[in-house]
Structure formats: C-alpha cells, structure tokens
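Residue numbers begin at 1 in each chain, while the letters A, B, ... track the order of the sequences.
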Amino acid sequence: MLHVGGVRTALFNWLYARKTGGVFVLRIEDTDLARSTEESVEQLKRSLRWIGLDWDEGPEAVGDHGPYRQTERFDLYREAAKKLLDKGSAYHDFATAEELAALRDAARAEGRPPIYTGGEYRDMDPNEAKKRIEAGEPYTVRFKTPREGQTVVEDLIRGPVTFENVNIEDFVIMKSTDTPTYNFAAAYDDAAMEMSHVIRGDDHLSNTPRQILIHQALDYPLPAFAHVPQVLGSDKKKLSKRHGAASVEEFADQGILPEALFNYLALLGAGYAPDEEIFTPLELAERFRIEKVSGNPAVFDEKKLTSINGLYLRRRSPEELAKLATPMLIESDVVSEQELLDDAPRLVRIMDLLKERVSRTTDIPDSVGYFYGDELEYDPEEFEKQFGKEFVQENFPELISRLEALPEWTESAVEESIRGLSAEKEKGAKHLIHPLRFATTGRTVSAGLFETLVLLGRGRTLLRSERAVQEMKRLSTE
RNA sequence: GGCCCCAUCGUCUAGUGGCCUAGGACAUUGCCCUCUCACGGCGAAAACCCGGGUUCGAACCCCGGUGGGGUCACCA
C-alpha cells in the first residue's frame with residue numbers, strides 16, 4: 001500500500017527530475033524477504049501510475065543501472081561488504097541477539113543511550129573471526145563507526161545537520177542471513193546507480209549519517225540529500241488509517257481524481273507562491289524548487305483536497321464525466337446498462353447539469369439517481385410540508401394539466417407555464433416550483449427545476465406528479 | 001530519556017530586517033445572484049508560541065524556554 005506520505009515524497013522526486021531534466025529512478029527496496037511480496041510491488045506500481053508518476057528507470061522501464069530490485073543485487077552487496085571488511089572498515093560480530101538485548105537493557109537502566117560499539121569483536125583478530133565462522137558460528141557484519149569526529153548531512157532543505165559520531169553505533173550492514181540491511185543496500189545502490197539526489201521522508205534523516213559513512217568508507221561520491229517532512233493527520237500525528245483514507249487506492253475509491261490528488265499533494269508543504277494553485281503536473285514541475293520545500297510537517301486537509309477535486313471535476317468535459325459515471329451508476333443499481341446504452345447522450349447532458357454540484361465522483365450516483373427509474377419514495381414528513389399547503393392543493397392539478405398540454409417540452413415552455421400560472425394566482429413562482437421539484441425528484445434540492453424537468457422528460461414528470469397528487473388527496477381526506 | 005528536525009490565521013502557506021495596518025487558498029461566516037442546492041461575485045472574522053538579546057528598526061538574525069514531530073532493530 002502506498003501511503004500518502006510516500007506518494008508525496010515520490011512526487012517531489014518526480015517534480016525535481018522533470019524540472020531539471022533528470023532521471024527518475026524507481027528502486028524496489030525489498031531486502032526484507034519476509035515483508036515484501038510480489039503483490040505489494042504491483043500495487044505500488046499501480047498507485048504510482050494512477051497518479052501519473054512515470055519512472056524513467058526501474059522495473060519495466062529498464063536502464064543502465066539495473067537490476068532495480070535489491071533482492072536481485074545481493075551478490076553486489078556481499079562484494080561491497082567484503083571490501084569494507086578487508087579495509088578494516090567493518091568487522092564480524094558474534095554477539096547473539098540475547099546478548100545485544102541484555103546490553104541495551106542495561107544501558108537503558110543506567111540512563112545511557114544504547115549504542116553498541118562492538119565489544120570484544122570490533123578489534124578481533126581476523127584469523128580468530130575466520131576460525132569462528134568456519135566453526136559455523138552465526139555472525140553479522142557491522143560497520144566500524146569512527147569513535148570521534150562528526151558526520152554532517154548537507155540537506156538541501158534544512159542546511160547542514162551535524163551528528164556526533166559517538167552517537168552512532170556500529171550498525172549492522174550484513175545480517176546473519178548474509179543479506180544486506182536497508183542502510184547498507186541503499187547507500188551502496190545510491191552510488192552504484194549514480195544517484196545525484198536522494199529526496200526522501202525526514203524519518204530517514206537519522207539514517208543518513210550512516211549512509212554517508214558507508215559512502216566515505218567505500219570512496220564513493222555523495223549524492224545530495226533532501227529530507228521532506230512527514231504528512232500528519234488532523235491530530236498532528238503521523239497520518240494513518242485512523243484518519244480515514246491514507247493510501248492512494250483508498251482515495252481513488254473515495255471519488256478523488258488522480259490529477260486532484262497530485263495537485264493537492266504537490267501544494268502541501270512545497271512552498272509554492274500561493275497566487276494560484278491549480279496547475280498541471282508539468283507546470284508544477286517547472287515551478288518546483290527543492291530548497292523552498294517547507295521543513296515543517298504538514299497536516300493533511302481532506303476538505304481542501306475535496307475542494308480541489310471539485311475544481312478538477314468541473315474541468316472535465318461532460319462526456320468524460322458520463323464515461324466515469326457509467327460503471328458507478330450500473331454498480332449502484334440506479335440504472336441498467338441497457339437503459340444507459342439506449343440513450344447515452346442523455347447522461348452526458350445530466351452530467352453537464354450536475355457537475356457544479358459534485359465534489360467527489362462518489363457523489364454522482366446519488367445525485368443522478370432521480371433521473372432514472374419511475375417510482376420515487378417520498379419522505380412522508382417532507383411530503384406533508386410541501387403538499388399540506390392550501391395553495392398547492394388547489395393549484396397543483398391545474399399545473400400538471402398545463403404541463404401536459406404544452407405543445408413542446410423545452411426549458412422556456414416549462415418555465416413560462418409555471419410562472420404563468422403563479423402570476424395568475426398572484427403568488428411567487430417558488431410556491432409551485434418547490435412542490436413540483438419534490439414531486440418529480442423526491443428531494444428538496446436539485447439542479448435548476450426547468451432544466452431538470454426537460455432532462456427528466458415529460459413522461460416521468462407527469463407520471464411522478466400525478467402520483468404526488470394521489471398522495472396529496474389521500475393526505476387531505478385523512 | 002538521548003540524538004535530530006520543526007514553530008505565521010482552525011489547516012496549507014506567502015513573507016527572507018523597514019514595502020506588514022502581516023497577503024492568498026481551504027474551512028467558517030455575512031451579503032449578492034436565485035426556484036432549492038451548488039457554482040460564481042463582493043465582504044467579515046481569524047495568526048507572527050513565550051522570554052531575552054542584536055539593531056535606529058524585527059514575523060524575518062542570535063540565545064534560552066515551551067510545544068509539536070521524527071528516530072533510537074540482524075524493518076525499511
């Protein structure tokens with residue numbers, strides 16, 4: 001599942017690559033065999049494509065730096081680890097998990113930070129280590145972190161961030177399974193894949209000095225780093241499922257358009273001048289400035305997303321919207337596929353009328369519903385409110401017969417008829433419009449009534465109105 | 001708790017020492033448009049976390065506090 005924080009980071013990478021004419025590389029970091037699955041990789045790619053982030057190099061796009069899956073690069077990491085071992089920049093560690101845990105607990109109990117420095121193994125005679133390995137003793141390979149000095153991350157967003165080396169433990173680079181840890185594989189690949197820029201979430205900031213140390217020990221050039229802040233929920237905690245939709249797929253399911261999510265996410269914390277905010281991806285890329293990205297975590301505002309989504313919905317042509325709506329309408333059972341097929345242009349006109357009124361595609365079935373089907377359910381309470389009035393009871397039947405007698409069924413004809421009658425009765429037109437709306441749509445809010453009636457068609461209008469009259473009569477005799 | 005990051009309206013932000021009486025957008029709200037609801041238009045309310053410096057002058061620079069976040073794995 002691709003988390004919004006994750007997409008935003010990917011998006012910043014994409015924007016930066018497009019802005020600078022660089023290459024956007026998708027690398028699958030799947031060194032944890034237990035966790036990554038084929039399905040999760042597919043899902044990730046699907047999400048990226050959905051929102052419009054195309055990668056120049058990576059799985060299915062090939063390139064000169066492959067393979068792009070870390071599980072296919074294990075030999076490379078082993079070789080690099082050996083190099084480090086030979087140089088004396090790394091060592092074999094035979095401490096067991098239990099021993100390490102005990103050390104950590106002891107340190108915590110004494111209030112010291114639990115920083116492992118290798119104990120007896122850090123400077124063990126390589127021959128002794130070799131003997132132990134040959135005897136079948138399990139081990140990990142750890143990096144020999146310098147005990148003094150500092151490592152500085154030159155962050156494009158935050159400036160220099162200094163870490164004291166004494167605060168960095170001798171971290172594992174090769175697990176006892178002879179596979180690399182994330183920090184090691186990432187650092188190695190950044191060099192091997194000639195990455196010029198590493199733009200990632202700021203939860204990685206504390207990993208970066210370790211990766212820099214690896215680069216230095218391997219004599220590799222350093223990429224430029226930029227750590228973008230997290231995306232938080234409304235309670236200022238890291239965004240998660242508790243906050244509603246958190247993955248790209250969930251947003252799609254909740255009626256969000258990919259271009260709207262793209263636009264919103266790009267705006268979130270990217271430091272764009274706020275004169276305008278609706279931009280195409282390429283316009284966004286052109287204006288993107290990595291050093292303007294805000295250093296403070298941004299709260300995800302679903303309301304604003306919805307608002308931007310509405311803007312994008314209104315920009316889509318009625319034809320596109322009709323196409324979008326079709327499967328939703330069929331699925332939610334408001335209309336049969338056959339009926340839609342029989343009169344496709346009608347749906348286009350309906351969408352044109354309704355698009356100002358929806359802000360998520362999931363709103364569509366509900367607001368389109370009354371245009372199809374014959375029967376309507378009236379809410380009894382609301383019905384009484386609309387049809388309990390004397391004026392309505394006296395004049396509604398007359399209104400229906402005038403509509404029935406209309407020579408043509410157009411907006412202006414319908415409007416004239418309604419306004420004409422109310423003028424004769426010296427009453428505001430709304431006293432007829434509201435009950436007629438309720439009778440024909442079953443609701444108190446809809447698009448403009450005249451357009452609505454024309455699209456509804458004379459047949460449905462009359463049928464429903466007459467039913468309302470019957471209800472009305474029953475009401476008055478009770 | 002150690003280390004690290006961050007701090008302008010409720011939210012996203014503009015602001016880079018005088019243009020700030022702090023601007024925009026979403027949300028809230030008043031009015032207009034109007035057959036309802038939206039859309040649209042015009043308004044309103046709403047913020048520089050606190051305390052010290054530096055300076056003729058600080059939202060902008062420095063220090064401290066407070067607050068929020070991240071991270072402390074043979075996970076990425």
Side-chain angles (χ1 to χ4, degrees), chain A residues 29-32 34-36 70 93 95-97 100-101 104 107-108 111-116 138-142 153 155 157-159 161-164 166-169 171-186 200-209 227 229-230 232 234 236-238 264 267-278 292 294-308 310-311 314 353-359 367 415 418-419 422 428-438 441 443-450 452:
Chain A
E29 306 198 320
D30 54 351
T31 54
D32 185 3
R35 246 174 38 165
S36 70
Q70 293 184 328
D93 179 50
T96 63
L100 292 170
R104 266 198 298 275
R108 285 240 162 85
R112 283 183 291 113
I115 293 168
Y116 182 68
Y139 65 92
T140 60
V141 178
R142 285 186 185 264
V153 179
D155 190 273
I157 296 172
R158 299 155 207 277
V161 181
T162 304
F163 295 85
E164 296 294 334
V166 286
N167 289 325
I168 303 172
E169 73 172 349
F171 51 96
V172 172
I173 59 176
M174 292 297 285
K175 307 175 196 174
S176 56
T177 51
D178 200 28
T179 58
T181 58
Y182 159 75
N183 275 122
F184 186 53
R200 52 163 57 141
D202 72 0
D203 47 338
H204 284 282
L205 189 50
S206 55
N207 280 319
T208 305
H227 291 90
Q230 310 272 277
L232 309 180
S234 48
K236 304 245 184 180
K237 300 280 183 217
K238 208 166 163 176
Y264 173 69
L267 251 27
L268 197 62
Y272 286 105
D275 47 347
E276 284 177 77
E277 31 189 35
I278 299 302
K292 295 288 278 180
S294 164
N296 65 330
V299 173
F300 190 87
D301 185 0
E302 193 139 348
K303 292 234 181 77
K304 180 136 188 179
L305 204 215
T306 304
S307 157
I308 288 179
L311 254 26
R314 268 160 247 140
L353 187 62
L354 255 27
K355 68 177 180 176
E356 306 277 279
R357 268 157 265 256
V358 294
S359 53
S367 47
E415 178 165 6
I418 296 170
R419 291 200 190 282
S422 52
K430 63 178 162 190
H431 295 101
L432 290 175
I433 287 172
H434 292 325
L436 184 54
R437 161 176 292 114
F438 187 71
T441 68
R443 47 185 75 200
T444 53
V445 303
S446 78
L449 184 67
F450 315 128
T452 300

Please state the [atom1] separation for the pair [N] and [M] - nearest whole angstrom.
{"N": "B/G24", "M": "B/A38", "atom1": "C1'", "result": "24 Å"}
{"N": "B/C4", "M": "B/G18", "atom1": "P", "result": "32 Å"}
{"N": "B/C9", "M": "B/A59", "atom1": "C1'", "result": "13 Å"}
{"N": "B/U21", "M": "B/A46", "atom1": "C1'", "result": "15 Å"}
{"N": "B/U28", "M": "B/G65", "atom1": "P", "result": "41 Å"}
{"N": "B/A47", "M": "B/G57", "atom1": "P", "result": "26 Å"}
{"N": "B/C56", "M": "B/A44", "atom1": "C1'", "result": "37 Å"}
{"N": "B/A7", "M": "B/A25", "atom1": "P", "result": "24 Å"}

What does [X] touch in the nucleic acid at a heavy-atom separation under 4.0 angstrom: a base, only the sugar-phosphate, or nothing?
{"X": "A/Thr162", "result": "sugar-phosphate"}
{"X": "A/Thr179", "result": "nothing"}
{"X": "A/Gly269", "result": "sugar-phosphate"}
{"X": "A/Asp155", "result": "nothing"}
{"X": "A/Leu268", "result": "sugar-phosphate"}
{"X": "A/Ala298", "result": "sugar-phosphate"}
{"X": "A/Lys430", "result": "sugar-phosphate"}
{"X": "A/Lys237", "result": "sugar-phosphate"}
{"X": "A/Arg104", "result": "sugar-phosphate"}
{"X": "A/Ala185", "result": "nothing"}
{"X": "A/Ser307", "result": "sugar-phosphate"}
{"X": "A/Arg112", "result": "nothing"}

Which heavy-atom pair separates [X] from [Y] by the least distance, and what is that distance?
{"X": "A/Asp203", "Y": "A/Ser206", "value": "O-OG, 4.3 Å"}
{"X": "A/Val299", "Y": "A/Tyr264", "value": "O-OH, 4.0 Å"}
{"X": "A/Arg437", "Y": "A/Ser446", "value": "NE-OG, 2.9 Å"}

Considering only [options], which nucleotide approaches the side chain of [X] most closely?
{"X": "A/Arg357", "options": "B/C74, B/C39, B/U36", "result": "B/U36"}
{"X": "A/Leu100", "options": "B/C35, B/G15, B/C74", "result": "B/C74"}
{"X": "A/Glu29", "options": "B/A73, B/A76, B/U11", "result": "B/A76"}
{"X": "A/Asp203", "options": "B/U71, B/C5, B/C26", "result": "B/U71"}
{"X": "A/Lys303", "options": "B/G2, B/C75, B/C26", "result": "B/C26"}
{"X": "A/Pro297", "options": "B/C75, B/C35, B/C6", "result": "B/C6"}
{"X": "A/Arg314", "options": "B/C39, B/C75, B/C35", "result": "B/C39"}
{"X": "A/Phe163", "options": "B/A38, B/C74, B/C4", "result": "B/C4"}
{"X": "A/Pro113", "options": "B/C35, B/C74, B/G2", "result": "B/G2"}
{"X": "A/Thr181", "options": "B/C74, B/C26, B/C39", "result": "B/C74"}

OG-CG distance between A/Ser234 and A/Asp301, expressed to the nearest 0.5 angstrom = 9.0 Å
Is a side-chain N or O of [X] found less than 3.5 angstrom from the main chain of [Y], in a donor-acceptor match?
{"X": "A/Ser307", "Y": "A/Lys303", "result": "no"}
{"X": "A/Thr208", "Y": "A/His204", "result": "yes"}
{"X": "A/Glu169", "Y": "A/Tyr116", "result": "yes"}
{"X": "A/Asp155", "Y": "A/His227", "result": "yes"}

The residue, A/His434 or A/Ser294, whose nearest nucleotide of RNA chain B is more 5′ is A/Ser294
Upstream residue (5' side of RNA chain B) when A/Glu164 and A/Pro180 are each assigned their closest nucleotide | A/Glu164
If only side-chain N and O atoms of [X] are considered, is one of them under 4.0 Å from the OP1 or OP2 phosphate oxygen of [N]?
{"X": "A/Arg419", "N": "B/C35", "value": "yes"}
{"X": "A/Lys175", "N": "B/A76", "value": "yes"}
{"X": "A/Lys304", "N": "B/U13", "value": "no"}

Over how many whole Å does the gap from [X] atom [atom1] to [N] atom [atom2] extend?
{"X": "A/Asn167", "N": "B/G1", "atom1": "CG", "atom2": "C1'", "result": "13 Å"}
{"X": "A/Tyr182", "N": "B/C72", "atom1": "OH", "atom2": "P", "result": "11 Å"}
{"X": "A/Leu353", "N": "B/C35", "atom1": "CG", "atom2": "P", "result": "16 Å"}
{"X": "A/Leu232", "N": "B/U71", "atom1": "CG", "atom2": "P", "result": "11 Å"}
{"X": "A/His204", "N": "B/G69", "atom1": "NE2", "atom2": "C1'", "result": "16 Å"}
{"X": "A/Ile115", "N": "B/G2", "atom1": "CD1", "atom2": "C1'", "result": "8 Å"}
{"X": "A/Leu305", "N": "B/A27", "atom1": "CG", "atom2": "P", "result": "12 Å"}
{"X": "A/Asn296", "N": "B/U8", "atom1": "CG", "atom2": "P", "result": "6 Å"}

Which base, if any, makes a Watson-Crick or G-U wobble pair with [N], both distances under 3.5 Å?
{"N": "B/G1", "value": "B/C72"}
{"N": "B/A22", "value": "none"}
{"N": "B/U16", "value": "none"}
{"N": "B/U66", "value": "B/A7"}
{"N": "B/A44", "value": "B/U28"}

Within a radius of less than 6.0 Å around NZ of A/Lys430, do more than 12 heavy atoms belonging to other residues, nucleotides or ligands occur?
-> no
Base [N] paired with [X] side chain (donor-acceptor, <3.5 Å):
{"X": "A/Ser206", "N": "B/C72", "result": "no"}
{"X": "A/Asp301", "N": "B/A27", "result": "no"}
{"X": "A/Arg158", "N": "B/C5", "result": "no"}

With sequence neighbours excluded, what pairs up with A/Pro297 under the side chain to side chain contact (heavy atoms under 4.5 Å, CB included) test?
-> A/Pro229, A/Leu232
